[in-house]
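Structure first, commentary second.
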Amino acid sequence: MVYGEFFHRTKSDEELVKLNVGGFKQSVDQSTLLRFPHTRLGKLLNCHSEEAILELCDDYNVTDKEYYFDRSPSLFRYVLNFYYTGKLHVMEELCVFSFCQEIEYWGINELFIDSCCSNKYQERKEIVSEKDWEQKSDVISMGSSSDQSSVFEKELEMFDTLKFGGIRKKIWIRLENPAFSLSAKLFAISSLSIVLTSIVAMCIHSMPEFKKLDQNERELEDPVLAVVEIVCIVWFTTELVVRLAVAPSQKKFWKNPMNIIDFVSIIPFYATLVVDTNDEENEGIENMGKVVQILRLMRIFRILKLARHSVGLRSLGATLRHSYHEVGLLLLFLAVGISIFSVLVYYVEKDEEQSELHSIPMCWWWATISMTTVGYGDTHPVTLYGKLIGSVCILCGILVVALPITIIFNKFSKYYQKQKAIDVDGCNEDEQKDKFGDLPYFNIRDLYARRMNSFISSLSSVGIIASGNDSTDGSSIQEVDDDYCTPLK
């Protein structure tokens with residue numbers, strides 16, 4: 001019996017309220033319930049019609065004047081104890097969320113929890129809330145990976161209705177899943193090598209030792225680097241065309257960011273060829289050299305092709321895509337801090353001749369490199385107050401950057417681990433399919449039926465089964481049994 005029920009005294013039937021909560025029956029004095037008129041049981045006594053009563057309880061027996069509630073009887077004991085003592089008590093074995101929902105149903109505020117249980121209750125509630133938030137974060141984090149897996153499976157099913165679906169499916173799987181087979185791994189390694197070679201060639205091309213100029217002071221391509229560039233572009237173009245040809249859906253193909261990166265990475269080469277051709281035919285076109293330089297600069301997009309073969313880069317992209325709230329907060333905090341400290345240091349440093357912080361835009365640059373803890377040192381305050389403001393700016397920058405970065409880092413770690421787990425699971429599934437795909441398949445029922453039919457027909461042929469003849473040849477049965485009951489190989 002819960003503490004407080006001892007204060008219950010026997011009253012007449014007119015003064016008692018009969019309650020039935022999940023089979024737990026209790027009679028309570030009306031005055032006890034009316035001590036808290038804003039609760040569900042207190043409002044129940046103020047109802048003057050059966051409709052109003054049924055809005056507050058699950059059922060009502062007019063004859064016995066008994067109220068029925070389909071709630072937990074064990075938790076109702078704590079509610080009943082509240083009406084007797086005016087305080088709520090929470091045991092350690094109770095679920096805090098269930099208890100919270102229960103008292104919310106009965107219209108009791110958490111403020112009535114006694115001081116002996118209040119602190120532990122709030123701590124346990126916060127712990128459960130944090131775990132629930134982490135579980136929701138895990139579900140959201142798995143969203144992209146599970147969606148990618150389901151999309152890939154649906155794409156494989158689409159090949160059944162396409163022309164040359166079997167061949168296209170085999171090529172598509174080897175292009176999209178490097179862990180599928182040895183040929184898929186070799187293709188992925190070759191593609192990655194070509195991408196790295198292209199990036200290295202682009203870096204070497206920028207070195208002064210490999211730059212050559214013609215008579216018109218135009219930059220000339222190094223023959224070796226030009227051949228490497230052509231080979232890389234041919235590979236990239238062929239890979240994109242093959243992916244496009246075997247893709248199950250053209251629309252979904254162009255919605256994939258990786259395919260868009262592949263397309264953008266080869267555009268500069270062909271655009272440069274067109275511009276160079278027009279430049280030779282129309283020498284009077286101005287700024288054509290700048291256009292060529294911009295197009296060549298766009299080759300840097302080839303670095304993004306590494307994301308197709310890198311789990312880390314894919315995880316980084318998924319993290320940024322699902323952490324836009326945190327990234328937005330980070331940019332907002334930085335923008336507010338930069339605006340405040342740039343104005344403060346401007347008014348402190350503007351009258352100093354040795355200081356370079358004579359304009360707010362220049363102070364913005366200083367505040368940006370200070371709050372992000374980069375500190376180039378090209379501009380800095382020279383006055384005492386300016387250095388104090390700079391110190392505060394750096395400390396605030398550390399706090400502002402550190403708070404959202406921890407959340408983003410945790411999400412990145414989860415994405416990375418789950419992406420690796422998905423890749424490993426996909427590889428294991430493929431190995432199991434290859435392993436069990438070579439095993440022979442036997443229908444035992446059909447095989448047994450065929451054997452028995454052959455056995456009976458053979459008995460009939462040798463005359464063992466005959467009408468009107470009860471005699472049997474045991475040796476012949478034994479011979480047939482040895483012939484047809486041999487184990488399966």
Side-chain angles (χ1 to χ4, degrees), residues 199-213 216-220 268 286-304 306-307 312-313 316-317 319-321 323-413:
I199 295 172
V200 172
M202 182 183 62
C203 297
I204 293 176
H205 185 271
S206 64
M207 299 173 63
E209 294 82 358
F210 293 90
K211 288 184 178 180
K212 297 181 181 180
L213 302 177
N216 298 327
E217 295 184 354
R218 293 181 179 178
E219 187 176 351
L220 297 176
E286 298 181 356
N287 298 326
M288 192 61 68
K290 295 182 179 179
V291 175
V292 174
Q293 291 179 1
I294 293 174
L295 292 175
R296 288 177 177 172
L297 183 62
M298 290 178 63
R299 297 176 184 176
I300 195 65
F301 287 108
R302 296 177 190 174
I303 296 178
L304 299 178
L306 295 174
L313 289 178
L316 178 61
T319 302
L320 294 178
R321 187 169 63 253
S323 302
Y324 59 91
H325 288 296
E326 290 78 6
V327 174
L329 284 175
L330 177 60
L331 296 177
L332 177 62
F333 294 159
L334 287 175
V336 172
I338 289 170
S339 301
I340 294 174
F341 289 108
S342 60
V343 174
L344 291 176
V345 80
Y346 167 71
Y347 282 104
V348 173
E349 298 285 327
K350 64 178 182 178
D351 296 330
E352 292 292 330
E353 296 180 357
Q354 297 179 354
S355 177
E356 299 179 358
L357 303 174
H358 296 299
S359 64
I360 292 181
M362 193 63 188
C363 294
W364 281 345
W365 166 251
W366 168 84
T368 301
I369 61 177
S370 297
M371 290 201 69
T372 54
T373 66
V374 176
Y376 286 120
D378 53 347
T379 56
H380 55 86
V382 296
T383 63
L384 177 61
Y385 292 107
K387 292 179 180 179
L388 292 176
I389 294 174
S391 301
V392 177
C393 178
I394 294 172
L395 294 176
C396 292
I398 293 174
L399 296 176
V400 166
V401 172
L403 292 177
I405 286 295
T406 54
I407 302 175
I408 297 174
F409 175 76
N410 290 334
K411 287 190 175 182
F412 173 79
S413 299

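Distance CG/Asp351 to OH/Tyr346: 8.5 Å, rounded to 0.5 Å. With rounding to the nearest 0.5 angstrom, the NE2 atom of His380 is 8.0 Å from the OG atom of Ser355. Atom CD1 of Ile338 sits about 10.5 Å away from atom CH2 of Trp365, to the nearest 0.5 Å.
Leu399 has its side chain out of reach of Leu395: every pair of non-hydrogen atoms, C-beta onward, lies at least 4.5 Å apart. By the 4.5 Å heavy-atom criterion applied to side chains, Glu349 and Thr383 are counted as neighbours. Put simply, the side chain of Thr373 does not reach to within 4.5 Å of the side chain of Val401, judged on heavy atoms. Residues Thr379 and Met362 form a side-chain contact, since some pair of their non-hydrogen atoms from C-beta on lies under 4.5 Å apart. Looking only at side-chain heavy atoms (C-beta outward), Asp378 and Ile369 come within less than 4.5 Å of each other.
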Mind running side chain to side chain contact (heavy atoms under 4.5 Å, CB included) on Tyr385 and Val345 for me, showing each step along the way?
CA-CA 8 Å; Tyr385 292 107; Val345 80; over 6 Å; no
Taking it one step at a time, do Val348 and Ile389 satisfy side chain to side chain contact (heavy atoms under 4.5 Å, CB included)?
CA-CA 9 Å; Val348 173; Ile389 294 174; 3.7 Å; yes
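The heavy-atom pair separating Ala367 from Cys393 by the smallest distance is O-SG, 4.1 Å. Closest approach of Trp366 to Phe341, counting heavy atoms only: CZ3-O, 4.1 Å.
By the 6.0 Å contact criterion, NZ on Lys350 is enclosed, its count of non-hydrogen atoms from other residues, nucleotides or ligands being greater than 12.
A donor-acceptor pair under 3.5 Å links the side-chain atoms of His358 to the main chain of Glu352, judged by distance alone.
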